[in-house]
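First up is the structure itself, then whatever we jot down about it.
Only this structure's heavy atoms are used, side chains among them; waters, hydrogens and symmetry mates stay out. In the text below, chain A, chain B and the rest are named by the order of the sequence lines, each starting its count at 1.
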Number of protein chains: 2
Amino acid sequence: MKTTIKDIAKSTGLSTATISKYLNNKPISQANQELIQNAIQKLHYEPNLAAQSLRSGKTNLIGLIISDIGNYFWGPLIANLTQIFSQSGYTVIVRSYYRNTDQKKKLTQEMCTQNFSGIILLADNAKDTSYQPFIRANIPIVVIDQIPNAMESTPVDCVLSDGYSGGREIAKHLTESGHQHVYVNAPLDDSYNIGQRILGITDSYSHAGLPLPMIEKSHRYTTPEAIKKYGEQTLPVAIHKHPEISAVIFTSYELALGGLAAINTHGYRIPQDFSVISFDDDALFKCVYPSITAVSQDMDLFSLQISKILIRRMNGDYSDFPHTEYIPVTLHKRQAVQDLTKKAVEE
Amino acid sequence: MKTTIKDIAKSTGLSTATISKYLNNKPISQANQELIQNAIQKLHYEPNLAAQSLRSGKTNLIGLIISDIGNYFWGPLIANLTQIFSQSGYTVIVRSYYRNTDQKKKLTQEMCTQNFSGIILLADNAKDTSYQPFIRANIPIVVIDQIPNAMESTPVDCVLSDGYSGGREIAKHLTESGHQHVYVNAPLDDSYNIGQRILGITDSYSHAGLPLPMIEKSHRYTTPEAIKKYGEQTLPVAIHKHPEISAVIFTSYELALGGLAAINTHGYRIPQDFSVISFDDDALFKCVYPSITAVSQDMDLFSLQISKILIRRMNGDYSDFPHTEYIPVTLHKRQAVQDLTKKAVEE
DNA sequence: TTGTAAGCGTTATCAT
DNA sequence: ATGATAACGCTTACAA
């Protein structure tokens, strides 16, 4: 038999109403506070969340919607969010729709009706409009990793890493290392984020009066495997056709996987044959030989900003709505980028 | 205003009891089934989970307890479990205690009282007894990745990868490739799993009449970072002291990270200086040069078996209790292991 | 097969 | 500051 507030009420001689008030930090006499506190400890009382939720209409549930939870790049983010929100009394529930559009619609519709206290939506790309039903249903929501095109008609809070700065950092590092002819491997999708990464690179090269980076064009790819395969196939072709290329930039982790696989297969030597640099870092990047130069996202800060905005909204504070937060990124200079200026001097 | 079964009742002219029966697949006349179905569609009815849970005493919640959700090795498992259980109408909630013993006790106690339909506990090591409160509370639970020492006094269902076979596979591959002097990098913890991995290796070498693998002894390490650091520090020392070592085995992903970092720092050439082989696979292992030979766990099958057992228990079927399920592992032969027999012939 | 009505554990209203 | 009581949306005897 589970302990309920009735038991606490009986044990203390108070009414359930008073116990409830105690639990919700409403004014209670000092004496009774201690009385209740003791009873709770003694009887091992834990509130029934279902009852609380049913009566109050608040679930304290945060829905985290990710197209494909299997994509482990986002693991640390999920971890952080789970931890941060649990500290504020919220429980994070992760839901995926596995890149199935029908399932996605069904999922969002279902979640709109389940009294989630807040939603975090990892948007697929800039065309993603699935945040809109939550706005309509008045459920606080933060869109992450993208800025939807529909922002203008339906404003929403966004948090994403600063891909543009990342692109500029990469370009700076490469130009300072003497790399004039650069190849950017990027599948054409409608990702705002990836678009910004590329723009950061091309802007820098353009401003520096250098030849514009060669950007691989392609069809759209949806699954991580397809993106990897694409990278694996296109890289050797480009290198072969354009021997002047001295550096390759992967615009995402999946492309890096594919590119590195191709590099291995074809026996390219990094960084002697060409330098390599990737967006999105991985624990192994800094361990392998040569270690892979990469731009990492700050998942801790990312999670923190998401939680800050969402909690503000859940508390009814919309004073700065809509807010877009860019999370700074960090370039890790490693062995995979060769300093061509030094090399020239040495020779 | 949310739609409730009352609205459906009014709209169809039936009672709420009948609607409830329809929702719970109890016998209903064909005509009314269609009537209700239509009303639900028209009014966009979605059941209130809190009310269902409160009344029925069932939450359909699965608690997944992981010491450190930030350790992304388990990301794919979380992903799979979330997906599999959602197909059966369960929602997975991941909870961590961040290697804090007090927090862990608090968490398990709290979860015991929250009517979880089932629990999946990723045990820390063989000494982990935190599954016991759930057994006492009659909450179905499956322990994964370990077999607790307390099994005998408190039986429990277990699912874990077959580390022993993995060890034997590794040993077979190494001996067939002519590796007689092998170094095993393993922090001494109380992990049943890691113990089995080591045992598989040593048993094989012992049965083959070869010199016993050299096993690094150490203190206990708790965090992934500490384990990595340990691997990074011990490997070069061992290699230096024992030049006869021709192959190094990492007993976990974290050790591989540390070991590879050390290899990079010290400029060892793999596999010329020594071969490398790791437990636990990573997407990058097969992409980098040289690709890293590794034993992978089958996370799909792992998740599936967990869900099968747990769902059986939640349905009250304890006919095969307690059950221990070993998930087969796969050795991926890659470039990091050199075939010394061929080399000998060539020379 | 269908309806009536009680009640799950909590919170909120309104007295006191 | 405290208490009596209704109500949240649903399930489940039990009766019809």
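When rounded to the nearest whole Å, the span between CD1 of A:Ile19 and P of C:dT11 equals 11 Å. Here C:dT11 presents its P atom at 13 Å from OH of A:Tyr22, a figure rounded to the nearest Å. For the pair B:Gln114 CD and C:dC8 P, the computed distance is 20 Å after rounding to whole Å. Rounded to a whole Å, the NZ atom of B:Lys58 is 12 Å from the C1' atom of D:dT11. Distance A:Lys21 NZ to C:dT13 P: 11 Å, rounded to the nearest Å. We find that NZ of B:Lys26 is positioned 14 Å from P of D:dC14, with the value rounded to whole Å. Atom P of nucleotide D:dT11 and atom CD1 of B:Ile8 are separated by 13 Å, given to the nearest angstrom.
Checking A:Ser319 against A:Asp317 by side-chain atom types alone, a donor-acceptor pair falls below 3.5 Å. A donor-acceptor contact closer than 3.5 angstrom links the side chains of B:Glu325 and B:His323. Counting only N and O atoms by type, the side chains of B:Tyr131 and B:Asp157 include no donor and acceptor under 3.5 Å apart. A side-chain donor from one of A:Gln146 and A:Ser191 sits under 3.5 Å from a side-chain acceptor of the other.
A cation-pi arrangement is not found for A:Arg313 relative to A:Phe321, the charged atom failing to lie both closer than 6.0 Å to the ring centre and inside a 45° cone about the ring normal.
Taking a pair as Watson-Crick or G-U with both hydrogen-bonding distances under 3.5 Å, the stems of three or more pairs touching DNA chain D are C:1-16 with D:1-16.
Dashed line: the shortest gap from a side-chain N or O of A:Ser15 to OP1 or OP2 of D:dT2 is not under 4.0 Å.
Few gaps surround CD on B:Gln87; more than 12 heavy atoms of other groups in view lie less than 6.0 Å from it. Atom NZ of B:Lys2 has more than 12 neighbouring heavy atoms from other residues, nucleotides or ligands inside a 6.0 Å radius.
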Tabulate atom names and distances for all N/O pairs under 3.5 angstrom spanning the protein and nucleotides 7-10 of chain D.
unit_1	atom_1	unit_2	atom_2	d
D:dA7	N3	A:Arg55	NH1	2.7
D:dC8	O2	A:Arg55	N	3.4
D:dC10	OP1	B:Tyr45	OH	2.4
D:dC10	OP1	B:Asn48	N	3.2
D:dC10	OP2	B:Ile5	N	2.6

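The CD1 atom of B:Ile5 sits 10.0 Å away from the CG atom of B:Asn48 when rounded to the nearest 0.5 Å.
Just one of B:Ser86, B:Pro76, B:Ser303 meets the side chain to side chain contact (heavy atoms under 4.5 Å, CB included) condition when paired with B:Leu81; it is B:Ser303.
Of all nucleotides listed (C:dA12, D:dT2, C:dT2), D:dT2 comes nearest to the side chain of A:Leu14.
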